[in-house]
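Heads up: the structure comes next, in structure tokens.
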Amino acid sequence: MTAARDREARRFRPGPTALLAFYPRAWRRRYGDELDALILEMQADGRDTGARVRANLLQAAARERLHGSGDSRERMRGGACLLLWAWALFVVGGSIVAKTSEHWQQALPAAPDASAAFSALTWIAVGVAIAVACGIALALPATLSLLRDGGWPRLRMRVLTAAGLSVAAIGATAALLTWAHTLSASARNGHDVVYGCAFLAWVALLTASLLAWTALATRITAGVRLTRPVLRIHAWLVPAVAVAMAAMTVATLVWWATVAGEAPAALTGGSRMAHASPLVPALVLAAVLMLVATSLAGLGANRAMSAHREL
Amino acid sequence: MPTKSRTNDPPLLILTSLASGEKHGYALLQDIERFAGATLGPGTLYGAITRLEERGMIEPLPGSGRRRPYRLTAAGAEELRVALADLRAIADEGQRRLTARIAVAGAPA
């Protein structure tokens with residue numbers, strides 16, 4: 001009988017216990033062994049560890065991922081870091097929308113729905129940028145303390161990388177602008193292959209610079225010791241920014257749908273094609289980035305709100 | 001015959017179980033089944049243990065092998081006392097209303 005149970009336990013081994021991989025790493029480090037032992041004990045005792053237990057583990061793992069691990073300060077840090085990465089992705093998506101929407105108003109001057117959606121997108125973006133800047137400014141005193149207390153050696157490489165990439169991006173912007181002034185509008189909009197490649201390299205440089213600053217900000221967030229009032233303000237800012245990002249995503253989709261319905265050529269810089277497709281690859285990429293960023297921000301907001309109750 | 005009514009609030013069940021002494025995960029599961037008739041999934045059990053430990057209601061003790069027993073803290077005992085008092089108040093009120101209803105239904109027309 002015992003041998004049969006042992007065989008059963010071995011047969012199930014890759015099943016429910018393997019689902020522990022879906023839990024956050026920090027949670028697994030703390031409770032993974034215990035939960036694994038519990039499941040094996042259940043199996044050895046002849047209990048059902050089939051579909052219901054698997055579903056229960058998956059549900060619980062998703063809840064832990066949503067909740068985040070650690071005490072309220074750690075969850076708040078986790079939520080803020082997620083939001084910073086989400087905002088960086090959102091800025092990349094938003095920049096693509098800004099570039100794609102350069103000339104739409106000339107092609108579609110009387111479109112109140114598209115104008116309202118675009119204005120909403122612009123004003124909310126300004127508001128969110130101010131909110132993110134305020135959140136960073138509130139963390140500055142604690143960041144200075146971190147640097148004074150020996151944090152500089154840990155941050156030096158990231159600071160130098162981010163600053164170096166920014167200097168390179170500024171130089172590349174100046175060079176590209178100078179070059180663009182010598183080109184015709186059609187050459188700037190895809191007919192000059194060399195300029196097109198240089199433009200893509202410039203975009204990659206700007207993105208790398210933004211991501212490097214975000215990596216630095218998340219490293220600082222992990223190291224600083226913020227006061228309780230600042231943590232409470234951050235716990236309000238994180239969900240507010242997440243909601244604003246959702247609103248901007250909706251505004252972008254409304255603007256896109258409206259322009260696509262009335263003047264799809266306006267989305268491709270005034271294409272003269274009889275049936276210009278509204279599914280512009282750049283806008284599809286922007287929409288995907290914005291949706292992913294909004295989901296990440298929602299996750300961050302959930303962690304911040306769960307931490308806020310205990311702060 | 002009416003079925004036995006059972007509470008299914010995992011944190012309350014865990015605190016109640018630990019009130020009689022320290023237990024590890026599987027012992028908790030078995031004890032809860034015994035006194036409440038509720039079978040908690042392993043994910044639900046450890047989710048509730050995580051939250052209770054975060055809130056300082058229970059604490060882990062050094063374990064043998066991969067099992068780790070938990071025990072109730074003073075804060076956990078107080079939380080359990082308040083939760084049980086709330087439940088008792090609801091049960092008393094429910095009983096009072098039910099008795100009144102039976103009395104009205106049983107009264108001669």
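Chain letters run A, B, ... following the sequence lines, proteins first and then strands; every chain starts at 1.
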How are the rings of A:Trp27 and A:Tyr31 set relative to one another: parallel (under 30°), tilted (30 to 60°) or perpendicular (over 60°)?
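If you compare the ring of A:Trp27 with that of A:Tyr31, the planes turn out tilted.
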If you compare all heavy atoms of A:Thr214 against all heavy atoms of A:Ala88, which two are closest, and at what distance to 0.1 Å?
OG1-CB, 3.3 Å
Applying a criterion of heavy atom separation less than 4.5 Å, what residues of residues 41-49 of chain B form contacts with chain A?
B:Gly41, B:Pro42, B:Gly43, B:Thr44, B:Leu45, B:Tyr46, B:Gly47, B:Ile49
Are the side chain of A:Arg77 and the backbone N or O of A:Val224 linked by a donor-acceptor pair below 3.5 Å?
yes
Any donor and acceptor pair, going by atom type alone, linking the side chain of A:Asp45 with main-chain N or O of A:Arg47 inside 3.5 Å?
no
Beyond-backbone contact of A:Glu41 with B:Gln30, side-chain heavy atoms, under 4.5 angstrom:
no
With a 4.5 Å limit on heavy-atom distance, are the side chains of A:Met76 and A:Arg73 in contact?
no
Is B:Glu22 salt-bridged to B:Arg68, going by a charged N under 4.0 Å from an acidic O?
no
Under a 4.5 Å heavy-atom cut-off, does chain B meet the side chain of A:Arg30, its backbone, both or neither?
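Interface part for A:Arg30: both.
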Which bit of A:Leu35 is near chain B, if near means a heavy-atom gap under 4.5 Å: side chain, backbone, both or neither?
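Both backbone and side chain.
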